[in-house]
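What follows is a short report on a single structure.
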Amino acid sequence: MPYILRRIEWPTAWLAAGDTVAWAALISLIGAGHWWLWPLAVLTMTLHSSLQHEALHGHPTSNRYVNEAFVFLPVGLAYPYRRFKTLHLQHHHDERLTDPFEDPESNYMSPEDWAKAGPILQGLRLVNNTQVGRLIIGPAFSVIGFLRGEWALARAGDRSVLVAWLLHLIGMVPVFWWVTWVSGIHPVVYALGFAYPALSLLSVRTFIEHQAAIDAPHRTIINEDRGLFAFLFLFNNLHFVHHSHPTVAWYRLPGLYRANRDAYLAGNGGYFARSYGEVLRRYGLRRKELVEHPLMKRGRWR
């Protein structure tokens, strides 16, 4: 049997293929005037990000190039897949979680950087530390910060970064051919009206995923949401379960959690939410915690 067929997870493979077809169909229909389908298009783009997350963790096949091919089209525009993969796997060093220097997905700032930020940036970061703020300005913060870091690496000649961006730009060609030439949607409209809201939806998950805590296992949440968002995020709302078993396929996470619920809740120190609705009620307009890393501020980090 060829190597690429040594292992294939059909639920993920069919979902990835179906999501791409659904995105293309919805964009075409919206371009033809059916704008009421816009929310569904945004949902398919958010799901695409979740599928990229599955691919970088080794799904749905045993061949990383085949996995990349399933999610290659950069429909979300902002993040090259290979850069997402590299940075996210760095994020999975749990002993570094939330560290503003070593965790590439941390939303905290060091006390020194917080002091240098100034009142305007501090105010924006405080707004960004509420759920509503994260939905509105969070994607802009993430993309700008990411691009600054990428530009510095590219100028330093990091070949892996340059290759990732080259592949990303190549992938943009069929995306914008379909969006603009076939469907007639202006690129700016697509970027601001489709890609940006998809990143906002993704922030519903990422907003609450981690907290600063002395014990590394206590930094990652379990959110028992069972609604649309749970599927949209491919059950990564059970985030501590995912961090405990990063190579387990998305459709196995709920069963794994149900079979070991008490052990997982004890393992992550009870960092828990019942649903994303509960998170919105709790932190919609109220900041989750300090933007300045609270343990670094108290001298209790590391």
Can you name the closest pair of heavy atoms from [X] and [Y] and give their distance?
| X | Y | answer |
| --- | --- | --- |
| Thr247 | His59 | O-CE1, 2.9 Å |
| Trp114 | Gln122 | O-NE2, 2.6 Å |
| Ser200 | Leu135 | OG-O, 2.6 Å |
| Ile208 | Tyr271 | O-OH, 2.8 Å |
| Thr130 | Gly284 | CB-O, 3.5 Å |
| Gly76 | Ala195 | O-CB, 3.6 Å |

Flag if over 12 foreign heavy atoms under 6.0 Å of CG, Leu285: no

From CA spacing to verdict: salt bridge (Lys or Arg N to Asp or Glu O under 4.0 Å), Glu209, Arg205: CA-CA 7 Å; Glu209 278 181 345; Arg205 172 176 64 81; 2.3 Å; yes

Compute whether any side-chain donor of one residue and acceptor of the other, for [X] and [Y], lie under 3.5 angstrom apart.
| X | Y | result |
| --- | --- | --- |
| Asn223 | His239 | no |
| Thr61 | Asn63 | no |
| Gln131 | Tyr276 | no |
| Asp19 | Thr44 | no |

What about [X] and [Y], same hydrophobic cluster or not, with Ile/Leu/Val/Met/Phe/Trp/Tyr joined at side-chain heavy-atom distances under 4.5 Å?
| X | Y | answer |
| --- | --- | --- |
| Leu192 | Leu43 | no |
| Tyr251 | Phe70 | yes |
| Leu238 | Phe207 | yes |
| Leu253 | Phe272 | yes |
| Tyr108 | Met296 | no |

Does any non-hydrogen side-chain atom of [Y] lie less than 4.5 Å from one of [X]?
| X | Y | answer |
| --- | --- | --- |
| His293 | Leu290 | no |
| His168 | Leu77 | no |
| Ile27 | Trp178 | yes |
| Asn129 | Arg134 | yes |
| Val143 | Leu199 | yes |
| Asn260 | Leu256 | yes |
| Leu228 | Phe233 | no |
| Pro174 | Leu73 | yes |

Side chain [X], main chain [Y], donor-acceptor under 3.5 Å:
| X | Y | value |
| --- | --- | --- |
| Thr20 | Ala16 | yes |
| Asp103 | Leu97 | no |
| Ser28 | Ala24 | no |
| Thr220 | Phe240 | no |
| Thr180 | Ile185 | yes |
| Trp38 | Gly193 | yes |
| Arg219 | Ile214 | yes |
| Glu54 | Trp250 | yes |
| Ser50 | Leu232 | yes |
| Tyr257 | Ile222 | no |

Find the distance between [atom1] ([X]) and [atom2] ([Y]) and round it off to the nearest 0.5 Å.
| X | Y | atom1 | atom2 | value |
| --- | --- | --- | --- | --- |
| Arg83 | His88 | CZ | NE2 | 14.0 Å |
| Met109 | Lys116 | CE | NZ | 9.5 Å |
| Asp99 | Ser106 | CG | OG | 7.0 Å |
| Ile136 | Tyr196 | CD1 | OH | 8.5 Å |
| Ile30 | Tyr190 | CD1 | OH | 9.5 Å |
| Asn268 | Gln211 | CG | CD | 8.5 Å |

Plane angle bin for His53 and His57 - parallel if under 30°, tilted between 30 and 60°, otherwise perpendicular: perpendicular

Before accepting this row, confirm whether a basic side-chain N of the pair [X]/[Y] lies closer than 4.0 Å to the acidic partner's carboxylate O.
| X | Y | value |
| --- | --- | --- |
| Lys85 | Glu68 | no |
| Arg282 | Glu278 | yes |
| Glu9 | Arg7 | yes |

Trace of the side-chain contact (heavy atoms from CB on, under 4.5 Å) decision for Asn237 with Phe229: CA-CA 8 Å; Asn237 52 297; Phe229 282 136; over 6 Å; no

[Y] ring center within less than 6.0 Å of [X] ring center:
| X | Y | value |
| --- | --- | --- |
| His218 | His210 | no |
| His242 | His92 | yes |
| His243 | His93 | no |

Stepwise ring-ring contact (aromatic ring centres under 6.0 Å, His included) test for Tyr79 and Phe146: CA-CA 8 Å; Tyr79 301 106; Phe146 171 70; 4.9 Å; yes

